[in-house]
Amino acid sequence: MSLTGYGFYARPNAIMSGQSPPRTAAGAILGSAALFSLTFHRDPAQQIAEIAQGQAMKIAMIGTGYVGLVSGVCFSDFGHDVVCVDKDQAKIGRLQAGEVPIYEPGLEALMARNVAAGRLSFTTDLAAAVDGADAVFIAVGTPTRRGDGHADLTYVMAAAEEIAAALTGYSVVVTKSTVPVGTNRAVKQAIRKAAPALEFDVASNPEFLREGAAIDDFMRPDRVVLGVTSDRAKDVMGEIYRPLFLREFPILYTDLESAEMIKYAANAFLATKITFINEIALLCERVGADVKEVARGMGLDGRIGNKFLHAGPGYGGSCFPKDTQALARMGQDHACPMQITETVIKVNDAIKRRMIDKITDLCGGSVNGKVVAVLGVTFKPNTDDMRDAPSLTIVPALVGGGAKVRLVDPQGAREGAALLPGVHWMDDAYKAAQKADCVVILTEWNEFRGLDLKKLARKMAVPRLADLRNVYSARDARKAGFEAYVSVGR
Ligand code: NAD
């Protein structure tokens, strides 16, 4: 990445002009009385005038996980003053020391640049970060609620209440977390109840970034969705996203409910597309077709498109599993079952389990006592995120079946160590293959895409390859000396 990164760092003069003293990192957290009086108590007219001139906005980001951290860093790169807040003291300590707690390509350099420029800081002090902010983003987790599949809104509502207690002047409280329809209205009510005299708006701004390509997705989005209910909130949100607007990325203003629904509909659609090709892959195996050829032939149709048509071991990750479940639950709650989504959830579970059968069959009907080297455990490459990764279904089944499992992943061991007990972590695919009975490619990290298959096969006790990402072909494997090879849908 070049020093000027995405070109937002050096903002146009028009935007820079008329800028009030920046809220520095120190000012945001410690703030001298003078700085507070200048930056934290601006009247609406002043704010509107600043927006008209293209002012740096003051942003508090509540929740500094994958989405909050990337969004906070990118907003600061737009030129805004951003304070990222998290309850997790250890995480904030690491961030303050310049360390990025997650693996996301390019993030560390972008973060360092904006911290050095005084536009980005980290704190556990929500009240200090929120006071005087033009917008407060809620980017906390919305995991699946235990037992019923609903999105767990505990963290969102707790954050809303903390924000209400801390705000002293107008701000837009923006939900970036993925939340069911109606949540933004509930956030509004909660803030209104806690702070009846407070002037504020709520806005919905669902996030579409993909882990592993998060910065590029944030900086060059297909679209930005903004659910707003007032012109003032629209102006603040418009100003925050001005650099993207100037570069003509589509900004879609809509109502709160539609914004909330867009996120679920988009994720459920993508999960459906993946599951569709995975199911077609099953049939390809039965009838002798090659799913890669089929996907290519389908994807060349402009109405279909070639993305999300790669057959594999089933979708996982921090979003699709929980968001499909939450959408299904929303449908049930409104007596409008989401039958397609409900089926997708079931088929995806079956596909993950089917991978266990594939590996077992490859090993001659049982993995008991077999040495199995699994390459890749994160739910996709270029992330350390293990949430709902297919490995969490497949690896325990192999261990339970009596296999001696060796795992290799460039980034997965830190999270994976606690989640995948009874395995042996190794740092190199060839070492893991030493005297192994089977190698399984589960996540297509680059280093597993370019394996020397001959070398790999030579090291193994019995050269068998389960290529669950269709990286190689049966021909490649045979030529390299593998005596058995399976993939998905071919
Ligand atoms: P995460 O679990 O990585 O991060 C959430 C953070 O919020 C944690 O660090 C937690 O300590 C912090 N937190 C919780 N309550 C807090 C509070 N009251 N004050 C301060 N900090 C608090 O979650 P994530 O993956 O970043 O996801 C956040 C939201 O964004 C979810 O709703 C998710 O569905 C959505 N989303 C995620 C992705 C993705 O790829 N991860 C993409 C798009 C949307």
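Quick caveat, the model's predicted, so the values are computed rather than measured. All ligand and atom numbering here is 1-based and tracks the order in the structure.
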Region of Cys319 that comes within reach of ligand 1 [heavy atoms, distance under 4.0 Å]: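 For Cys319, the contact with ligand 1 is made by the side chain alone.
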Proximity to ligand 1 by part of Ala158, non-hydrogen separation under 4.0 Å: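 For Ala158, no heavy atom sits under 4.0 Å from ligand 1.
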Which ligand 1 atoms are under 4.0 Å away from a heavy-atom of [X]?
X: Ser318; value: 39 (C), 40 (O), 41 (N)
X: Ile62; value: 19 (N), 20 (C)
X: Thr142; value: 31 (C), 32 (O), 34 (O)
X: Gly141; value: 5 (C)

For [atom], the option (of [options]) bearing the nearest heavy atom:
atom: atom 33 (C) of ligand 1; options: Lys91, Glu207, Lys322; value: Lys322
atom: atom 41 (N) of ligand 1; options: Gln89, Glu211, Lys263; value: Glu211
atom: atom 37 (C) of ligand 1; options: Asp86, Val70, Val67, Thr178; value: Val67

Asp88, any N or O under 3.5 Å of ligand 1 N or O: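 It does not: no N or O of Asp88 is found under 3.5 Å from an N or O of ligand 1.
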Salt bridge check, [Y] against [X]: does any charged N sit closer than 4.0 Å to a carboxylate O?
X: Asp384; Y: Arg414; value: yes
X: Lys322; Y: Asp388; value: no
X: Arg353; Y: Asp349; value: no
X: Lys193; Y: Glu161; value: no

Decide yes or no for [X] and [Y]: does some side-chain heavy atom of the first lie under 4.5 Å from some side-chain heavy atom of the second?
X: Ser391; Y: Thr443; result: no
X: Ile92; Y: Leu95; result: yes
X: Ile59; Y: Phe78; result: no

Main-chain N/O of Gly212 paired to Thr383 side chain as donor or acceptor, under 3.5 Å: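 Looks like no, no N/O pair under 3.5 Å.
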Criterion side chain to side chain donor-acceptor pair (under 3.5 Å) on Glu260 and Thr183, from CA distance to verdict: CA-CA 8 Å; Glu260 291 165 332; Thr183 306; 4.7 Å; no
I need the nearest protein heavy-atom contact for [atom]: residue, atom name and distance, please.
atom: atom 2 (O) of ligand 1; result: Arg387 NH1, 3.5 Å
atom: atom 7 (O) of ligand 1; result: Gly63 CA, 3.4 Å
atom: atom 4 (O) of ligand 1; result: Gly65 CA, 3.2 Å
atom: atom 18 (N) of ligand 1; result: Glu162 OE2, 3.2 Å
atom: atom 21 (N) of ligand 1; result: Lys87 N, 3.3 Å
atom: atom 29 (C) of ligand 1; result: Val140 O, 3.3 Å

Asp125 and Thr123 side chains, donor-acceptor separation under 3.5 Å: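 There is no such pair (donor and acceptor under 3.5 Å, judged by atom type) between the side chains of Thr123 and Asp125.
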